[in-house]
Structure formats: C-alpha cells, structure tokens
Amino acid sequence: YTRHSPLSHLITMGALDGIFNKNSVMSMVANFSTAYNLKVIAQMLSIMMYVYPEANPKTGSSTHAASSTAVKTAALVGAIVGQLTMGYVGDAIGRSKAMNLTMLLTLAGCILSSVNPPYGYSSPGGNVTSIQALGVDKVYGDTTIHGEYYWLTFCRFILGVGVGGVYPLAATVAAESSGDDANRGTRVSVVFSTQGLGFLATSLVGMLVMWINPTPNVYPAEHPTDCAMYYQYSGVKYWNESFWKNNQSYISNHSAVGAVNHEWTCPTGANDVNWRVLAAIGALPGILMLPFSITETAVARDTSMKSSTFWQDISARKYWGKLVGTAGGWFLFDIVFYGNTLFASAVTKAIYKDSTDLMTEFGHNTILFAIALPGYYVATALMEKLGRKNIQMLGFFMMFILYIALSQLLTAGKDGAVTASSKVSPSALLFLYGLTFFFANFGPNSTTFILPSETFPAEVRTSLNGFSAAMGKTGAAIGSAMFLPLAQSIGAPHVIMICGFLSLAGFIVTFFFVEDRRGKAMASSGSSAYGSVAGSINTASDRTGLLSVS
C-alpha cells in the first residue's frame, strides 16, 4: 500500500495514486540524469568551439571535425554497450545492484569530463603545435588537437555505459513495482516523462550558467581571454589577434600579403569554465541518490538465478516477432529523433536569422523543448485509455505528416543549412517544427520505453529490454552520424522528407508487430504468475545505500 495526499488525489482525480513510491521516484531521477547527460554535450560543444576552436567545423580540418563528432557520439556508443550489458546484469544479479552500478559509472563520467586540462586555448599543452595555434593547420595539414577532445571521448563513453544501463532498468523497475496492471503504463510513462525535463534543463541551466559567468575573461593577466577570436589573413584563419600580431615573420613566410578580416567576437559566456560546469552538474542527480537504493522487486527475487546467456536470450525464436516490434520500432524512431535534433539549430537560424550568440541559440532550444514537453504528459494521461500501440501509431503517423509538410516549407542552403519559405510566418514554422517533437513524445518516444518492460517474461525482461534500447541507440548513432553529411549532399529538406518516410515505416512495424498489454499482466514464461506479485517489494531494504551490494 502506498500512501497519497488528499490534495494530489483531488488534483489528479486519483490517476496518480500509488505512482510515487521510492522505486518510481528513484527511477525518475535516474531517467532525468540520463536525458540531461546525453543532451548537454550539444551545449558544451557550442561553448567549447570558442575556447578550443580547432574542432569547430567552420575553421578546423577534417581530422578536427571528426574529433568533435567522436565526442558527440561517444556517449551513444557507450549507451549501446550499457544497455546490452546492464540489461543482462539486471536479470543476472538483480535490478537494484545493476542500477547502483549504472549510477556510479554516470557519476564518474560526469566528474571526469569536467576536470581534464589543458584549460583554455592559451595553455594548449605539448600536444598542440605552434602551427596549429596559429591556425594554419587547415592549410598545411597538421592534425594535432587538444587532448581535451580525446579525454572527453573517453569520459563520455564511460558516462554512456552508465546512462545506457538506466533505460532497461528504470523501465523494468517501474513496471514491476506497479501496484496493479491497470496503472502500470501510467507509472512507467511518468518515469519516462522526466526525460523532457532533462532535455529542457540543458538549455535552461546553460543560460543560467552563462548569466552568472558571462565574461570570456576568466583568467589572470597572462591569460587575457578564454575565447579565441578569429582573424583571417589572406584566407588563412588565426585563433586570436595576439597570435597574428606576434608572429608576423612566420605569417609572411607562409601567406600572401592580404587584409585581415575579423571573423567573430566572443559571445556572452564563451569561456573554459562554463562548459565544465554544465558537465559537472550532470553528476548532481547521482549524488542525491547516493544515500538510497532501488528496492529489489518481488519479480526479480522470485525468479531463479539466470542460467541462459544473453545470446541465448535473443536467439530464442519465440521472442523474435516481439523484438521486431520493440527493437525495430525503437530503431526507426531514434534514427529520426536524434537525427532531427541536429537540424534544430539550422531550423531556428533559418527562422530567426539574427540568432548569432549563445544565449539566443540556447533560448531557441528552450522554446523547442518547451513545445515538446506537454507531449510526455498527454501520453501519460492517455496511456491506459488509448493504449501503447495506438499512441505509438498515432505519433508515427503525425510525424510522417509533419516532416513531409516541413520538407516543402524549407529550402536547401549551403553546407546542409536551410532557409525558411515565405509561405508561412517564422512563428508558425517554429511551432510546426516543435510539433514534430510533441508527437514524438506523445507517441513512440514514450511507448518504446514502456513496451519492452511488459512484453517479455521476467527472466529475460531487462536483457531484451536492453537489446531493444540498444537498437534504438544504434539508430540514434546512425541518425547523428549520417544526417548532416546527407544534408550537405542532397539538401536538408530531402533529409527531412526521409524522416517522414522512416516514420511511416515505424507506423507499419507498430501495426504488425507490437503487442498492446494495456490492462493485462506483464508477459510471463508460464511458470509463475508474475503479474500477481509485480507490486510486492521488499520494504526491509528501503534504507540500503547506493554503494551497498549486499
């Protein structure tokens, strides 16, 4: 029995009674942490490109651009590993111990990401040559970069293993801790809805950090500025005016005589401290969870020690049809969802052509995340009434319509950029683009998280949940890696149209392969009535700390 306040019962008309027990709250915090830490790298890199500009795709070499891409995708690759391994670990040793391990890995990844030297371009260290410091590596082929990017790639991979493990564990714990089958989908949907808050927090926290620390001048006199202003001399770009002034003899030997053009000034908050603060803040949810631990569910306790291997689990033919529905739908959705987020900056710049500073960029991202946020709660409110399958089909179909419409209202620009059509107002276009995220959340983004947690029996539940989530992150990696090169090749509107047809494919997969267990007990192997014990949890271990493994 879970106590609830009369006020919450009145406000929610009883819909959320019993939702917020300890397991659900800890799963919500873990999922918030996962969302924030996966998404915040975009804000971090937006600031970093002014401090370590050799990885700015506008000015760096192809090697440098690849390093920036590696940082972006490292967490996704780590998440795939975490989803596969931690899902199996959750079935083998229990959900609680596996969740402890994922949060410790997340903590380590966040903290280590924020502390590595060198600090700022003025102290490049031995791994950055004077040629690169002058900015002529793009012309003369030097491929040395700051060790910061190598270190971040490693740390983000470790973080990814941790956050990836949260996906199957949080969903399974929430589903197995449900008091009854009638509200199981609502409970898991509430847990997942904190993803939207995590996404929104990345931009809001970024704006707050830059407001508190707006200056690029955070070092003493010997390091006068943290942001590298670009100057161009006869087509060769230099990091800072001081480099150009102090190395005239070198420049005269390697460049033709020409004028100096100022490329950009330092925007508010472009310093070496702010991006590190954003990375470190990602550790706060895990730190708050340290004194507590997930209470092991009765299902996990009552299931005998796992005897099958992970490969035996996914090789069992009886699960293949269901895996097409859970893993296939998640794979198609994440290609679209994560690929589409790459266009967010390009679309907002096309709509608001004056968006040149970091505050404006983060503000526009905040608007998009805010438009998308209600989708999570609409999905939660209707999860039991409409059912998982119907909501997923509705979301995919609306995404198909919206992407096709957007592809006709945007025009291809240079290097994957887009320009807005005069047929529709900027505000209407932004709202239309925001609706793609709304129906992603009131659709497959919510349901793909829920479906694997109730589709498979307990002895393979987190393993196959993890496999389904890993297929999703595989799609995310494909979308993240391929969409921008495709946009540069065939134009962003055509890529947005591809998003539409991938959404249609998701609709078809859902229609034929997804099982809707709304109001039914979670799937079982037939040996135990798992649905009847799903809500029983061991309250004796309520005060077990995160670091405890006993």
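Nothing fancy with the numbering, it's 1 onward along the sequence.
- Under the 3.5 Å distance criterion, the side-chain polar atoms of Asp334 are left unmatched by any main-chain donor or acceptor of Gly475.
- Looking at every heavy atom in both residues, Ile41 comes nearest to Leu38 through CG2-O, 3.6 Å.
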Would Phe396 and Thr510 count as a side chain to side chain contact (heavy atoms under 4.5 Å, CB included) here? Give the steps.
CA-CA 9 Å; Phe396 270 132; Thr510 303; 3.7 Å; yes
Yes or no on side chain to side chain contact (heavy atoms under 4.5 Å, CB included) for Ile496 and Ile404, after CA distance, side-chain angles and deciding distance?
CA-CA 7 Å; Ile496 293 174; Ile404 296 300; over 6 Å; no
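- Using a 4.5 Å cut-off on side-chain heavy atoms (C-beta onward), Ile80 and Leu76 make no contact.
- Atom CZ of Phe157 is separated from atom CZ of Phe154 by 9.0 Å, given to the nearest 0.5 angstrom.
- Side-chain contact between Asn465 and Tyr167 is absent, with no heavy atoms from C-beta onward closer than 4.5 Å.
- Contact detail for Met99 and Ala30: the closest heavy-atom pair is SD-CB, 4.3 Å.
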Please tabulate, one pair per line, all N/O donor-acceptor pairs under 3.5 Å involving side-chain atoms of residues 369-377, not counting sequence neighbours.
from, atom 1, to, atom 2, distance (Å)
Tyr376, OH, Gln195, OE1, 2.6
Tyr376, OH, Asn441, OD1, 3.3
Tyr376, OH, Asn445, ND2, 3.4

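- Annotation: side chain of Met471 is not in contact with side chain of Trp330 (no heavy-atom distance under 4.5 Å).
- A donor-acceptor contact closer than 3.5 angstrom is absent between the side chains of Thr448 and Gln392.
- Under the 3.5 Å distance criterion, the side-chain polar atoms of Gln83 are left unmatched by any main-chain donor or acceptor of Gly466.
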Using side chain to side chain contact (heavy atoms under 4.5 Å, CB included), reason through Phe331 and Ser468 one step at a time and then give a plain yes or no.
CA-CA 8 Å; Phe331 173 77; Ser468 299; over 6 Å; no
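- Interatomic distance, Leu382 CG to Ser446 OG, rounded to the nearest 0.5 Å: 11.0 Å.
- In terms of modelled atom types and a separation under 3.5 Å, the side chain of Arg95 and the main chain of Gly90 share a donor-acceptor contact.
- Inter-residue side-chain proximity for Leu323 and Thr455 is flagged as unmet; no heavy-atom pair is nearer than 4.5 Å.
- Between Ala201 and Phe32 the shortest heavy-atom distance is CB-CZ, 3.9 Å.
- Between the Glu384 side chain and the Gly185 main chain, a donor and an acceptor come within less than 3.5 Å of each other.
- The two residues Ala440 and Met399 have their closest heavy-atom pair at CA-SD, 3.8 Å.
- Atom CG of Leu402 is separated from atom SG of Cys499 by 12.0 Å, given to the nearest 0.5 angstrom.
- Judged by distance alone, the side chain of Thr194 and the main-chain N or O of Met28 form a donor-acceptor pair under 3.5 Å.
- Listed by chain and number, the residues in a ring pair (Phe, Tyr, Trp, His ring centres under 6.0 Å) with Phe333 are Phe337 (sequence neighbours excluded).
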Pair Ser33-Val166, side chain to side chain contact (heavy atoms under 4.5 Å, CB included): steps then yes or no
CA-CA 9 Å; Ser33 171; Val166 169; over 6 Å; no
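- When all heavy atoms are compared, the tightest approach of Leu386 to Phe442 is CD1-CZ, 4.3 Å.
- With values rounded to the nearest 0.5 angstrom, Ile401 atom CD1 is found 13.0 Å from Leu435 atom CG.
- With hydrogens and angles ignored, the 3.5 Å screen pairs a side-chain donor or acceptor of Asn274 with a backbone N or O of Asn213.
- Residues Phe483 and Ile335 have side chains in contact (heavy-atom distance under 4.5 Å, counting atoms from C-beta outward).
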Mind listing the side-chain donor-acceptor pairs of residues 282-289 below 3.5 Å, one per line with the distance, residues two or more places apart or on another chain?
none

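- Side chain of Thr326 to main chain of Lys322: a donor-acceptor pair is present (N/O by atom type, distance under 3.5 Å, no hydrogens or angles).
- One side chain, Ser24 or Arg187, offers a donor N or O that lies under 3.5 Å from an acceptor on the other.
- Residue Met393 holds its CE atom at 10.5 Å from OG1 of Thr447, rounded to the nearest 0.5 Å.
- The shortest side-chain heavy-atom distance between Ser189 and Ile450 falls under the 4.5 Å cut-off.
- When Arg461, Lys389, Arg388 are each tested for a salt bridge (charged side-chain N to carboxylate O under 4.0 Å, His left out) with Glu454, only one passes: Arg388.
- Atom-to-atom distance recorded for Met44:CE and Ser113:OG is 5.5 Å, nearest 0.5 angstrom.
- Phe199 places none of its side-chain heavy atoms less than 4.5 Å from the side chain of Thr366.
- Of all heavy-atom pairs spanning Gln43 and Ser203, the tightest one is NE2-OG, 3.4 Å.
- No donor-acceptor pair closer than 3.5 Å links the side chain of Thr172 to the backbone N or O of Leu169.
- Within the 3.5 Å criterion, the main-chain N or O of Val190 finds a donor-acceptor partner in the side chain of Ser193.
- Between the side chain of Thr462 and the main chain of Gly87, a donor-acceptor pair closer than 3.5 Å is present.
- Residues Asn31 and Ser27 have side chains that never bring a donor and an acceptor to within less than 3.5 angstrom of each other.
- The local environment of CE in Met482 is sparse, with at most 12 non-hydrogen atoms from other residues, nucleotides or ligands closer than 6.0 Å.
- Contact of the Thr202 side chain with the Phe362 side chain is not registered, since no non-hydrogen atoms from C-beta on lie closer than 4.5 Å.
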